[in-house]
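Heads up: the structure comes next, in structure tokens.
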Amino acid sequence: MNNNLVVYNTLTRKKEVFEPINAPFVGMYVCGPTVYGDVHLGNCRTFISFDLIYRYLVHLKYKVRYVRNITDAGHLEGDHDEGDDKFSKKARLEKLEPMEIVQRYTIGFHDVLRIFNTIPPNIEPTATGHIAEQIEMVKEIIDNGFAYKINGSVYFDVEKYSKEYNYTILTNRNIDDLIANSRDLGGQDEKKGRLDFALWIKAKPEHIMRWPSPWGWGFPGWHIECSAMSSKYLGDTFDIHGGGMDLAATHHTNEIAQSQACHHTEPAKYWLHTNMLTVNGTRMSKSAGNGFLPAELFTGNHHLLKRGFSPMTVRFFMLQAHYRSTLDFSNEALEASDKGFRRLMNACALVEKLQTSDHSDVDIAKLSRRCYDAMNDDFNSPVAIAELFEAARVINSIHDGKTCIDQANLSLLSTLIHDFVYDILGLKEETIQTDEMGPLVDFIINLRLQARADKDYATSDKIRNGLFDLGIQLKDNKESTSWSKV
RNA sequence: GGUCGGAUGGCCGAGUGGCUAGGCAGAGGUCUGCAAAACCUCCUACAGCGGUUCGAAUCCGCUUCCGACCUCCA
């Protein structure tokens, strides 16, 4: 077991050595999407970041239970703890059942994440599937004295909680300032304190998504589902809780409060937060209307895009930035990643074809060590990728016959590429039909070789240009001609 | 207004008290029938102003600018 891994813990605001509570087992909970609309690229970044983290933990031989929820109930439009939830509103707009909305966008979410080559979580619980657990948790919080009932709704008493616990432990804010600065919600508010939040919300007569509870018909507040489901599947205290940075101040702060109030323990040892994807320096978000949909990016069908970019290019682009840094989205940046990604993958494809020598000019163990050092330093994929480009340079140089490698080092190199490029970074070759096309292309290449041997360059160039238009690029070496997809 | 985080070469992005990533773009070269690819070489930056230090892009202070959170958002 590798215990050199260091992770940045939002809770302590510093990097800490990663020590699972129950090694080799690791429990990881990541806040998933609210499925009332299409996921945009910003959402995808978070899930791709945690996919990287999950993949690396698995690579380190941890037995990870990865839980990521689907929020399909209880997420209100505003924070007034009144009015519609997002599903009811969307359902009315589209004249559908709320659960049709949920189903449609859950499927869309899964499709997108599959395209990005992310590994599904081990458990993907839904809020609607865990109403009973949420009710039980609310009851317990009431029994422990940290929540109160009003008119069929239940609210968490932040002021009371903050007398015994540090409510703002995650974000280190001053609670008095928070109270002073939080928005005045106007006259109809049922809540006692401005920071109080709903655990259970009474359903209005027209509200479709409703369940019976000790407090009448209603639906759960947004935050309680994660507390209920994470503790159900991972225990009262588990190893990693993750999500986007935007969730830390409110959602995760409230999760910690609920769990403390219910279980008298902090829910997670390490809190990991991923940073935002920005467009022109501003956060991509649904409400700001600057969100790209994955489909728009792939097709290039968006007014800010010059052309489309493939899913793996986008994944690679995201992994070239550290997960805790903002990443700005632009045509130029995508273009650069696209070219770099292809160069890397072309080199990786050459590894199996390399010839060995009886001595080696390269020390792959050292290179490998640097890749691990990078990933062990809070999953620093950009540095790992930089090292992999060094590997690519080595591979190309060997392939060109300018550098020698022995069998032992070649074996290490092959393992390095396999482990890091494919398993950990989760990149994959996007070209399809290579196996079927191979013999066909080889046949054409042989025809062209004959033409070249006859110095019939008109024909040989015609073949090369024709294949290029079909997306196949020929590369003439001294001895032979190789090809790759454009 | 409060809290927090940033400002790195043409662009994107790591790093962080001395060894000064990487990708893309650009320049030159090798190879080649010509290309392409690949390889080699070059381009050596850390917002501004002070301070600490033998030495700072990295630490401290101030200034300017930007962003996030504080309201649903990954």
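Keep in mind that what you see is a predicted model, and the values were worked out from it rather than measured. Every chain is numbered from 1 and lettered A, B, ... according to where its sequence line falls, protein lines coming before strand lines.
- At the heavy-atom level, A:Leu344 lies nowhere under 4.0 Å from the strands shown.
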Please tabulate, one pair per line, each protein N/O and nucleotide N/O from nucleotides 43-47 of chain B that are separated by under 3.5 Å, including the distance.
none

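- Note on A:Gly42: a base of the nucleic acid sits closer than 4.0 angstrom, heavy atoms only.
- For the C1' atom pair drawn from B:rG48 and B:rU8, the interatomic distance equals 15 Å after rounding to whole Å.
- Not a single ring pair (Phe, Tyr, Trp, His ring centres under 6.0 Å) links A:Phe309 to another residue, sequence neighbours left out.
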Return a table of donor-acceptor pairs under 3.5 angstrom between the side chains of residues 344-356 of chain A and protein atoms on other chains or two or more places apart.
residue, atom, partner, partner atom, Å
A:Asn346, ND2, A:Arg342, O, 3.2
A:Glu352, OE2, A:Ser414, OG, 3.4

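- Nucleotides B:rC59 and B:rG67 are separated by 24 Å at their C1' atoms, to the nearest Å.
- Side-chain contact check for A:Thr71 and A:Glu225: at least one donor-acceptor pair (N or O, by modelled atom type) lies under 3.5 Å.
- Map A:Arg173 and A:Thr46 each onto its nearest nucleotide of RNA chain B; the residue landing nearer the 5' end is A:Arg173.
- Of the candidates B:rC39, B:rA21, B:rC24, the closest approach to any side-chain atom of A:Arg393 belongs to B:rC39.
- Taking the P atoms as reference points, B:rG9 lies 8 Å from B:rA47, given to the whole Å.
- If you check B:rG33, B:rC24, B:rA74 against the side chain of A:Lys339, the one that comes closest is B:rC24.
- Distance noted for atom C1' between B:rA37 and B:rG5: 42 Å (whole Å).
- Legend: residues meeting salt bridge (Lys or Arg N to Asp or Glu O under 4.0 Å) with A:Lys306, ordered by chain and number and at least two apart, are A:Glu332.
- In terms of the ring pair (Phe, Tyr, Trp, His ring centres under 6.0 Å) criterion, residue partners of A:Tyr54 (sequence neighbours excluded) are, by chain and number, A:Tyr66.
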Produce the list of close N/O pairs, under 3.5 Å, pairing protein atoms with atoms of nucleotides 6-10 of chain B; give distances to one decimal.
none

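- With sequence neighbours excluded, no residue satisfies ring pair (Phe, Tyr, Trp, His ring centres under 6.0 Å) with A:Phe379.
- Paired runs in RNA chain B that reach 3 or more consecutive Watson-Crick or G-U pairs, where each pair keeps both distances under 3.5 Å, cover B:1-7 with B:64-70, B:10-12 with B:22-24, B:26-30 with B:38-42, B:47-51 with B:59-63.
- A search for salt bridge (Lys or Arg N to Asp or Glu O under 4.0 Å) contacts involving A:Asp363 returns nothing, not counting sequence neighbours.
- Heavy-atom distances under 4.0 Å link RNA chain B to A:Asn396, A:Asp400, A:Lys402 of residues 394-405 of chain A, given in residue order.
- On the C1' atoms, B:rG22 is 23 Å away from B:rG17, given to the nearest whole Å.
- Proximity of residues 305-323 of chain A to RNA chain B (heavy atom under 4.0 angstrom from any strand atom) is restricted to A:Gln320, A:Ala321, A:His322.
- Take A:Tyr270 and apply the ring pair (Phe, Tyr, Trp, His ring centres under 6.0 Å) test, not counting sequence neighbours, and it matches A:Phe18.
- Using a 4.0 Å heavy-atom criterion, one finds that A:Ser49 contacts no nucleic acid atom at all.
- Spacing between B:rA36 and B:rC42 at atom P, rounded to whole Å, works out to 23 Å.
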